[in-house]
Amino acid sequence: MDDRKILEITKAISNATRLDILKWLKDPEANFPPHKELGHFNDGVCGQHIKNKSGLSQPTISHYLSGMQRADLLITTRHGKWTYFKRNEEVIKEYLKAISKQL
């Protein structure tokens, strides 16, 4: 992972709510209600559930999730009109490894 990517990811998580979102998504069953539509968390958590848990507005959460997706921290899946978000564990592990190596 190059320095540019490290900085992009660091910027994406340099906010308490965005960091909370990654923590919540690490264990979705413990942090979100069950999905009525899907019945599982295999494709992640509905953006609406993330918005509700955060207590922030839809535009703010959309902005946060988009930035985290651009930094490759999140993987999205669409089901009808709903977008589901899950952590990109591969990129998170690579980021942590790069930070550990460089710092």
Check the hydrophobic clustering (I, L, V, M, F, W, Y; side-chain heavy atoms under 4.5 Å; chains of links allowed) and say if I75 and I21 are grouped together.
no
Could you pull out the closest heavy-atom pair between T76 and Q69, with the gap in Å?
OG1-NE2, 3.2 Å
Minimum side-chain heavy-atom gap L25-L74 below 4.5 Å
yes
What's the spacing between K101 NZ and I99 CD1 if we round to 0.5 Å?
12.5 Å
Closest heavy-atom contact between K26 and R87?
N-CD, 3.4 Å
In the single-linkage hydrophobic clustering (I, L, V, M, F, W, Y; side-chain heavy atoms under 4.5 Å), do L22 and L7 co-cluster?
no
If you measure from NZ on K5 to CG on D72, what distance do you get to the nearest 0.5 Å?
3.5 Å
Sub-4.5 Å side-chain heavy-atom contact between K23 and D20:
yes
First locate atom CZ of F32, then atom CG of N52, and finally report the distance between them rounded to the nearest 0.5 Å.
9.5 Å
Could you check whether any side-chain heavy atom of W24 comes within less than 4.5 Å of a side-chain heavy atom of S54, counting everything from C-beta outward?
yes
Is there a side-chain contact between I13 and Y95 (heavy atoms, below 4.5 Å)?
yes
Hey, could you give me the CD1/NZ distance between I92 and K97, rounded to the nearest 0.5 Å?
16.0 Å
Using every non-hydrogen atom in the two residues, find where V91 and A71 come nearest and quote the distance to one decimal.
CG1-O, 4.3 Å
Backbone N or O of S62 within a donor-acceptor pair of the S66 side chain at under 3.5 Å?
yes
Look up atom CD in Q102 and atom CG in D2, then write down how far apart they are to the nearest 0.5 Å.
9.0 Å
Looking only at heavy atoms, the pair that brings A12 and M68 closest together is O-CG, 4.0 Å
Any side-chain heavy atom of M1 within less than 4.5 Å of one from I9?
yes
Shortest non-hydrogen contact between L56 and T17, atoms and distance:
CD1-CG2, 3.7 Å
If I compare all heavy atoms of N42 with all of K86, which pair ends up nearest, and what's the gap?
O-NZ, 3.3 Å
Using the six-membered ring wherever Trp is involved, compare the ring planes of H79 and Y84 and label them parallel, tilted or perpendicular (cut-offs 30° and 60°).
perpendicular
Does one hydrophobic cluster hold both W82 and L65, with members joined at side-chain heavy-atom distances below 4.5 Å?
no
Taking NZ, NE, NH1 and NH2 as the nitrogens, is one of them in E8 or K11 under 4.0 Å from a carboxylate oxygen of the other?
no
At what distance, to the nearest 0.5 angstrom, does CZ of F85 lie from CG of D43?
12.5 Å
